[in-house]
Amino acid sequence: MASNRVDREAIEAVVEILDERRLTEVEYEVEGLRVRVARSGTVVAADGPPAVAPAGAAVAEAEERPSGAVISSPMVGTFYVASSPESPPFVEVGSPVSKGQVVCIIEAMKLMNEIESEHEGVVAQRLVENAQGVEYGQPLFRVEPA
Amino acid sequence: MASNRVDREAIEAVVEILDERRLTEVEYEVEGLRVRVARSGTVVAADGPPAVAPAGAAVAEAEERPSGAVISSPMVGTFYVASSPESPPFVEVGSPVSKGQVVCIIEAMKLMNEIESEHEGVVAQRLVENAQGVEYGQPLFRVEPA
Amino acid sequence: MFDRVLIANRGEIALRLIAACRDLGIGTVAVYSTADRDSLHVRHADEAVCIGGPRSSESYLNIPAIISAAEVADVDAIHPGYGFLAEDAHFAEICKDCGIQFIGPSPEVLRMMGDKARARRAAKEAGIPVLPGSVGPLATSAAVRDCARRVGFPVILKAVSGGGGRGMRIVRDPDDLEDAFHQAQREAGAAFGSGDLYLERFVENPRHIEFQVLGDRYGSVVSLGERECSIQRRHQKLLEEAPANQFGAERRARMNQVLSRALGSIGYSNAGTVEFVMDDSDELYFIELNARIQVEHPVTEVVTGVDLVRSQLLLAAGEPLQAVVPGPVDLSGHAIECRINAEDPETFLPSAGRVTQFAPPGGCGIRVDSAAYAGWTVHPYYDSLVAKIVARGTNRAEAIQRMRRALGMCVLEGIKSSIPLQLRILEEPAFIEGRYDTGFIDRMLA
Amino acid sequence: MFDRVLIANRGEIALRLIAACRDLGIGTVAVYSTADRDSLHVRHADEAVCIGGPRSSESYLNIPAIISAAEVADVDAIHPGYGFLAEDAHFAEICKDCGIQFIGPSPEVLRMMGDKARARRAAKEAGIPVLPGSVGPLATSAAVRDCARRVGFPVILKAVSGGGGRGMRIVRDPDDLEDAFHQAQREAGAAFGSGDLYLERFVENPRHIEFQVLGDRYGSVVSLGERECSIQRRHQKLLEEAPANQFGAERRARMNQVLSRALGSIGYSNAGTVEFVMDDSDELYFIELNARIQVEHPVTEVVTGVDLVRSQLLLAAGEPLQAVVPGPVDLSGHAIECRINAEDPETFLPSAGRVTQFAPPGGCGIRVDSAAYAGWTVHPYYDSLVAKIVARGTNRAEAIQRMRRALGMCVLEGIKSSIPLQLRILEEPAFIEGRYDTGFIDRMLA
């Protein structure tokens with residue numbers, strides 16, 4: 001999602017300094033540009049951890065945490081959109097979902113676990129490929145209010 | 001990530017001061033430029049150097065850095081208030097001092113080095129015992145305006 | 001050899017396992033709880049899978065989550081490290097059923113060693129000296145009385161499936177036996193689901209001596225000599241050394257031989273530690289067998305030159321012992337390990353929190369095993385081990401001197417640690433003379 | 001034995017010296033520049049004295065400041081480490097005059113070894129093989145021509161008081177000799193105050209082999225075997241190992257014997273390193289003697305079990321060699337050291353700045369010598385050494401494997417480092433086969 005009205009580089013540059021120098025806030029202003037970035041609680045995290053950041057999965061999660069309500073995986077396993085290769089997916093982008101409705105299956109130790117939506121609304125995005133492995137807490141769907 | 005619109009040096013310069021003086025916030029503004037950087041106290045503490053603080057001498061200096069103008073030792077050696085045990089001290093608390101006036105002697109490698117005041121005023125405090133060893137940069141006298 | 005191994009643990013031992021895998025060119029998959037996102041084992045593994053919440057029951061003890069992670073990541077073996085699932089026969093069986101190699105002894109052996117009474121019987125039958133006591137579990141207070149009379153007081157009652165002092169009773173006076181039996185039964189029942197007890201003669205302040213063994217799948221076992229682990233506080237080891245004091249090569253050789261034969265006959269495979277008590281007449285008596293790699297394994301590695309975790313991987317992959325540990329192993333020099341725990345050195349309470357600065361010691365004769373770094377957090381959910389510092393010397397005096405130096409030059413801030421206590425131990429005349437038993441710490445603090 | 005020793009250095013070697021003093025129960029006084037206030041050597045010494053500003057000339061090379069600090073702190077000896085004042089005969093003399101023991105050879109020996117031509121002559125007279133070349137300094141271009149004709153081209157002109165490549169010229173064509181001579185003379189004059197030059201046959205891409213020696217005050221010297229230091233970039237060592245490849249015990253024994261006798265006759269005392277070039281017919285020729293402890297001394301410590309810095313202290317205090325290194329020393333296993341420098345692995349430019357995170361590797365077979373920590377700053381004023389990582393193995397292959405693992409598990413952030421370059425070296429077939437010379441790095445990067 002690139003915008004020609006937001007100078008992402010400029011913001012990134014300031015954030016970079018915030019991280020490198022482990023600051024809680026940086027405010028920068030020049031002719032026609034003003035950038036202010038802050039990180040409160042997570043400075044502790046900025047202090048080593050981003051340095052010592054986890055491998056792939058967790059980083060991705062940090063960066064790509066999607067907006068809106070999210071249905072995330074309650075367990076480690078393999079994600080399936082449908083109960084069987086033949087049957088249709090439980091939900092697709094655009095389908096309405098209600099609390100408690102089954103949205104996918106996660107297979108763990110040969111067990112097919114039906115995952116229910118914690119949210120009401122419309123499926124805005126599916127964040128995982130069919131038959132892909134997922135870890136605990138990994139976002140599966142993004143749900144937006146109908 | 002480089003941005004031609006963000007003057008990284010300017011921000012870094014301000015951060016340097018923040019770090020060196022262990023501050024929590026610095027704000028700087030000149031014609032067409034404004035920089036503000038902050039770091040909440042805990043982070044600085046968590047930030048190595050203060051933790052890994054030097055032994056005695058340097059710590060002491062940090063804590064006891066006296067107020068007002070200070071005459072500090074330009075060399076390592078032994079501090080003497082007078083040119084010989086018999087002769088009177090160059091200065092005492094309360095005596096006026098002028099720039100360039102000899103205030104003590106520091107013996108280094110059998111050489112008697114006369115130390116001159118960098119400040120004008122009245123000796124408010126002597127911070128070192130006679131015949132005590134002093135290190136480079138160690139405060140010797142505190143001088144207050146007459 | 002394995003392509004990918006799942007590391008079913010955390011902290012320093014997870015790093016130790018990853019290192020051994022890297023040395024053998026084996027890929028690694030770390031699992032971690034949400035509390036361990038920023039830990040070094042997650043960083044240094046080739047892949048990392050979050051398996052659950054902070055509590056061990058949700059993550060590092062969560063068998064379905066770990067097995068699923070193993071399947072998703074497609075590993076061919078799992079190394080459990082120590083603690084958590086390391087000696088869980090049930091877990092080992094599930095691995096087997098899923099076609100994943102569990103790096104440790106067979107489920108059968110794990111089950112046997114998990115039952116203290118059976119382990120004791122097996123050891124006795126295999127020719128390992130055991131304390132006079134009951135052959136199997138004792139059902140009735142009558143049986144207990146007879147057994148105690150035969151063995152002689154003081155005696156100790158232990159839970160068959162026990163551990164960590166629960167369901168344990170020391171009885172010095174025959175009149176107390178009846179009550180102690182019933183209390184211990186209730187306690188054991190509550191703690192372990194089984195109230196079965198066994199009885200042994202109780203040795204007052206024994207020395208704790210343990211032997212390191214390695215076995216292959218084909219019945220050959222080698223014993224790599226002993227470790228002295230008598231410096232304990234409430235059954236928690238604080239400092240270990242190898243070789244043991246006043247032990248002697250001749251006796252070591254004899255015990256190594258006895259244990260190799262005995263464990264071979266039991267069909268013991270992979271790494272294990274045989275724990276003994278030593279009474280004041282220097283007799284050794286079998287206590288239990290820890291069917292896993294031990295926290296203190298580095299002291300044996302340092303004096304024998306054998307990489308024990310590497311050996312575990314090779315043996316689990318089916319290598320014969322001959323190929324893993326060729327030729328005779330002899331000890332050279334002396335090694336001491338201190339377990340640096342996050343705890344208050346006065347109150348001994350765990351001191352969880354954020355490590356604000358960590359600069360471990362290094363230099364001549366020092367090995368460090370640690371997952372700590374500046375900014376790392378010691379979580380209340382897990383054990384409080386921050387680092388293992390091992391000092392090697394050509395002799396014991398040099399090892400002690402280097403350990404003093406290393407602890408003195410260890411920068412660890414933000415939490416309290418056991419370092420002051422360990423520095424004190426290193427100054428105690430009894431320790432310096434190498435004459436101490438499990439009563440050492442209480443006497444020192446008295 | 002000494003009561004208090006002043007550590008006239010900084011960084012990892014200062015910590016190494018403090019550690020050796022602690023092992024012997026000797027008090028330590030650190031000196032530091034204002035830039036090093038927050039450094040570990042200041043923290044771990046018993047006392048610390050600020051001696052001047054950041055620039056070396058104001059502090060670590062500031063003889064009056066260091067001597068004054070020694071007098072104020074009342075020490076009985078000074079250990080100079082390496083670099084800075086380590087081989088400064090003038091400084092050693094001043095120490096002597098002030099009644100402070102300089103831990104190193106006598107001023108006379110330092111002066112002799114500082115004059116490359118004299119050192120060369122002394123070595124030759126003592127029976128150490130030297131390259132064909134001039135006996136003393138060459139005054140006239142005529143003398144140079146005669147000498148070059150005798151020696152045979154290519155030849156190299158070196159400054160008598162030289163070092164670091166300045167005043168050095170390689171001449172392949174006789175016609176270039178005249179100009180090269182005058183240029184080198186000017187350069188040497190400007191750089192070292194003396195334009196004196198000497199000439200040697202030039203060996204194309206030799207191997208760099210050096211021997212570690214220790215001598216007492218009474219004329220006995222022991223040679224502890226060799227180190228292979230051919231992995232260099234612009235005369236900067238990046239990786240060292242011991243023993244050297246394809247060297248052999250028999251030849252080592254012979255060289256050890258030659259050097260013990262030769263240096264004994266020169267009256268060499270304390271620690272030193274004899275540097276040789278090895279040509280493609282495997283002949284060794286003396287280059288120079290480094291009259292100090294070397295950066296790479298740990299590889300020798302690891303394979304011999306001899307603590308070299310401890311030995312320096314004991315020998316300087318007057319202990320006889322027999323008491324310091326009793327019995328014959330034999331090598332066991334293989335050791336490799338990587339110098340982790342703060343530099344850009346592509347451009348090789350120093351990368352000063354703040355280390356935001358540092359978690360050095362540990363575990364089986366790894367020794368780390370470092371003064372770094374999270375929050376530490378690599379200053380532009382001093383050398384860019386961040387850490388020395390030493391891997392030990394029962395054989396070379398194991399040492400290489402462990403070094404790969406250790407570098408792979410070294411967390412170092414905020415600055416760029418040489419680690420990627422060293423990982424690449426460890427993967428080069430020529431390195432793995434142990435067949436390389438000082439041309440290795442250029443060929444690898446070509």
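All chains are named by letter (A, B, ...) in the order of the sequence lines, taking the proteins before the strands, and each is independently numbered beginning at 1. Values reported hereafter were calculated over all heavy atoms of this structure, with side chains retained and with hydrogens, waters and symmetry mates removed.
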Subject >> Partner set under side chain to side chain donor-acceptor pair (under 3.5 Å) for C/Thr273, not counting sequence neighbours >> reply: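 Per chain and number, C/Thr273 pairs via side chain to side chain donor-acceptor pair (under 3.5 Å) with C/Arg227.
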
**OP:** With sequence neighbours excluded, give me every salt bridge (Lys or Arg N to Asp or Glu O under 4.0 Å) pair touching residues 361-371 of chain C.
**Re:**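 Residue pairs with at least one partner in residues 361-371 of chain C: C/Glu301-C/Arg367, C/Arg367-C/Asp369.
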
Original post:
Side chain, backbone, both or neither: which part of D/Arg405 has a non-hydrogen atom closer than 4.5 Å to chain C?
Top reply: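 When you check distances to chain C, atoms from both the backbone and side chain of D/Arg405 fall under 4.5 Å.
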
**OP:** Under 4.5 Å heavy-atom distance to chain C, tell me which part of D/Pro360 shows up: side chain, backbone, both or neither.
**Re:**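 The answer is the side chain of D/Pro360.
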
Quick one: closest heavy-atom pair of [X] and [Y], and the distance?
{"X": "C/Arg22", "Y": "D/Gln401", "result": "O-OE1, 3.6 Å"}
{"X": "C/Leu15", "Y": "D/Met409", "result": "O-CE, 3.8 Å"}
{"X": "D/Gln357", "Y": "C/Ala374", "result": "NE2-O, 3.0 Å"}

Subject >> Partner set under side-chain contact (heavy atoms from CB on, under 4.5 Å) for D/Ala372, not counting sequence neighbours >> reply: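 Result, side-chain contact (heavy atoms from CB on, under 4.5 Å) vs D/Ala372: D/Phe358, D/Ser370, D/Trp376, D/Val386.
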
Original post:
Out of C/Arg16, C/Arg404, C/His44, which one racks up the most heavy-atom pairs below 4.5 Å with chain D?
Top reply: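 Answer, by heavy-atom pair count under 4.5 Å with chain D: C/His44.
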
Original post:
Who among C/Gly305, C/Ser332, C/Ala19, C/Gly365 has the most heavy-atom pairs with chain D under 4.5 Å?
Top reply: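 If we count pairs closer than 4.5 Å to chain D, C/Ala19 comes out on top.
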
Look at [options] and state which one has the largest set of heavy-atom pairs under 4.5 Å with chain C.
{"options": "D/Gly362, D/Pro361, D/Cys21, D/Gly363", "result": "D/Gly363"}
{"options": "D/Val368, D/Ile366, D/Val309, D/Val302", "result": "D/Val368"}
{"options": "D/Ala406, D/Cys364, D/Gly408, D/Ala371", "result": "D/Cys364"}

**OP:** With the side chain counted from C-beta on, respond yes when D/Asp23 and C/Glu398 share a heavy-atom pair under 4.5 Å apart, and no when they do not.
**Re:**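 Of all side-chain heavy-atom pairs linking C/Glu398 with D/Asp23, none is under 4.5 Å.
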
Subject >> Within residues 387-395 of chain C, residues adjacent to chain D where the heavy-atom gap is under 4.5 Å >> reply: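 Near chain D, by residue number: C/Thr394.
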
